[in-house]
Amino acid sequence: DHGEDTLNHGFMGHRIELHDATTQVPLMVRLPKAQRKTGRVKDLAQLLDVAPTVLGLAGVAVPDSMEGLSLQGCIVGEGCTTSGVAVSEAVDKLVSATDGTFRLTVDGLEAHDGAVDDAMAHPTAPQVQLWDVGGPPGSDTELPLEKLPAARIQQLADLARAQRAR
């Protein structure tokens, strides 16, 4: 359900920071031979998506109360319906949203705090950090907020807001 930071950014463990090493974790699924489709899907998923996926693959109706999305379509080759963003939170008031290329990280706010949406939509350093996460796990690099156009920041913030509202 998470990776481990191994001093990539000066931290050891998985509960303090939200870097690629702790959040970019592969989800591997093995289906019975008759349903098996080989290949790799690069769409983003979240831990919240695992339970609805398992229920869907088992033929069990997914309760409306579940927050995640079933990834069954991704797995069986019928197409993915993911939102294109993954939201993560750490135990010490740290929230991030990534689209697989960039990550906005908000420090000092709980994930359920509505102020997170405003902080992402109108980021100011040092509370909000921008990371380039387009490379292999562990290669994420902090960027100046000005490096990303305002329209792209707004798009990421909107996706994160929609994801958190599910």
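Since the model is a prediction, treat every value here as computed from it, not as a measurement. For the numbers below, each heavy atom of this structure counts, side chains included, while hydrogens, waters and symmetry mates do not.
A heavy-atom distance below 4.5 Å is not found between the side chains of V133 and T141. For the pair T105 and R103, the minimum side-chain heavy-atom distance is below 4.5 Å. No side-chain heavy atom of Q155 sits under 4.5 Å from any side-chain heavy atom of D99. Side-chain contact between L57 and V29 is present, with heavy atoms from C-beta onward closer than 4.5 Å. Counting only heavy atoms from C-beta outward, the side chains of I75 and L31 approach each other to under 4.5 Å. Contact annotation: the side chain of L55 approaches that of P63 to within less than 4.5 Å [non-hydrogen atoms, C-beta and beyond]. Under the 4.5 Å side-chain criterion, counting only non-hydrogen atoms from C-beta, L143 is in contact with F102. Annotation: side chain of V87 is not in contact with side chain of S96 (no heavy-atom distance under 4.5 Å).
In this structure, L156 is a member of the same hydrophobic cluster as L145, with clusters built from ILVMFWY side-chain heavy atoms closer than 4.5 Å. Under the 4.5 Å side-chain heavy-atom criterion for ILVMFWY residues, a single connected hydrophobic cluster contains both V116 and L148. Two different hydrophobic clusters hold L69 and V62 under the rule that ILVMFWY side chains link at heavy-atom gaps under 4.5 Å.
Contact detail for M120 and P123: the closest heavy-atom pair is O-CD, 3.4 Å. Here the shortest heavy-atom pairing between V106 and A119 reads CG1-CB, 3.9 Å. Summarising the geometry of A45 relative to L71, their closest heavy-atom pair is CB-CD1, 3.5 Å, with the distance given to 0.1 Å. When all heavy atoms of V85 and A97 are compared, the pair lying nearest together is CG2-CB, 4.1 Å. In terms of heavy-atom proximity, T53 sits nearest to D49 at OG1-O, 2.5 Å.
Here the straight-line distance linking atom NZ of K93 with atom CG of D107 works out to 10.0 Å at 0.5 Å rounding. Of the inter-residue distances, the one linking K147 atom NZ with E142 atom CD reads 13.0 Å to the nearest 0.5 angstrom. Interatomic distance, Q72 CD to E78 CD, rounded to the nearest 0.5 Å: 6.5 Å. Here the CG atom belonging to D158 is positioned 12.0 Å from the CD1 atom belonging to I153, to the nearest 0.5 angstrom. Between L104 atom CG and R152 atom CZ the span is 9.5 Å, to the nearest 0.5 Å. Here the CG atom belonging to L47 is positioned 11.5 Å from the CD atom belonging to E67, to the nearest 0.5 angstrom.
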